Amino acid sequence: MKEFFIKLGDHPIYKKLLKEPLTYVAGAVLLSVFQIAHFTVFGKGWGVTSTFAVWGTWVYNALGGDAGSWAYYASEKMQQELHTSFLTDGGSIRNLGIIFGALAATLFASQFKIKKIKTLRQVVAAILGGLLMGYGARLANGCNIGALFTAIASFSLSGWVFGAFLLVGAFIGSKLLAKYFM
């Protein structure tokens, strides 16, 4: 059995499909095809972070809170989100697919590594960065998928504005990263 996997890892088709990265053009074409398919099947743009907000609310409600009166859940559609189960929520299934798909791709490419945390500063920076990114995604009404990719594909000016500020934020973030963590 071990020989089978060793031979499989050396096979040129396996290397081409699962080990080598896609070209930028191939990635762009696949993203476009997936965006069109998603819009066709679900009738709405592709998004990720709204589902994370709903997950957080489900946890909050399970711990005894009541988010039903929050402004975020004022619409009838969002009220329905509060009462949807995890396995029937399309966003939850899609996000799980992204998480497990990324894990599978990493494993197939033999790139999975558990890195040692070197300093408490790294932990604080990772937590702070994640919280700020999540907060920013909610303020922008989406992440780079919903607020940028889907908005631009829908010919919305907001996508281009989001993209411009994304570049500004990436520039500032890279300067801070280089100054304080490198």
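Nothing here was measured: the structure is a model prediction, and the numbers come from that model.
Neither L132 nor L148 shares a network with the other; the hydrophobic side chains, linked directly or stepwise wherever heavy atoms of I, L, V, M, F, W or Y lie under 4.5 Å apart, form separate groups for each. Using a 4.5 Å cut-off between side-chain heavy atoms of Ile, Leu, Val, Met, Phe, Trp and Tyr, with links allowed through other members, Y73 and F86 fall into the same hydrophobic cluster. Hydrophobic clustering of Ile, Leu, Val, Met, Phe, Trp and Tyr side chains at less than 4.5 Å, counting indirect connections, unites L103 with I114. Transitive grouping of hydrophobic side chains (ILVMFWY, heavy atoms separated by less than 4.5 Å) brings I98 and I93 into a common cluster. L167 and F149 end up in different hydrophobic clusters when Ile, Leu, Val, Met, Phe, Trp and Tyr side chains are linked at under 4.5 Å.
Residue-environment remark: CG (L139) exceeds the threshold of 12 foreign heavy atoms within 6.0 Å. Annotation for F52: atom CZ counts as buried by contact number, over 12 foreign heavy atoms lying within 6.0 Å. Within 6.0 Å of the CE atom in M78, the count of heavy atoms belonging to other residues, nucleotides or ligands exceeds 12.
Between F34 and W46, the ring planes are perpendicular. Angles over 60° get that label, and only those under 30° would be called parallel.
One finds the CZ atom of F112 at 6.5 Å from the CG atom of L107 (value rounded to the nearest 0.5 Å). One distance of note links CD1 of I145 with OG of S50; it measures 12.5 Å at 0.5 Å rounding. L157 contributes atom CG, which lies 10.0 Å from atom CD1 of I152 (distance to the nearest 0.5 angstrom). The distance from atom OG1 of T51 to atom CZ of R94, rounded to the nearest 0.5 Å, is 5.5 Å. To the nearest 0.5 Å, atom CG of residue L31 and atom CD1 of residue I36 are 11.0 Å apart. To the nearest 0.5 Å, atom NZ of residue K175 and atom CD1 of residue I172 are 11.0 Å apart.
A donor-acceptor pair under 3.5 Å is formed between the side chain of S174 and the backbone N or O of F171. Side-chain N or O atoms of Q35 include none that pairs as donor or acceptor with a backbone N or O of A153 at under 3.5 Å. Under the 3.5 Å distance criterion, the side-chain polar atoms of T88 are left unmatched by any main-chain donor or acceptor of T84.
A side-chain donor from one of S156 and S158 sits under 3.5 Å from a side-chain acceptor of the other. A donor atom on one side chain and an acceptor atom on the other are not found under 3.5 Å apart for Y72 and T57.
Residues Y60 and W70 bring their aromatic ring centres within 6.0 Å.
For the residue pair R138 and T49, the shortest heavy atom distance occurs at NH2-OG1, 3.0 Å. Among all heavy-atom pairs drawn from W58 and L82, the shortest one is NE1-O, 3.5 Å. Nearest heavy atoms, W55 versus S92: NE1-OG, 2.7 Å. Residues S69 and D66 share a closest heavy-atom pair of OG-O, 4.4 Å.
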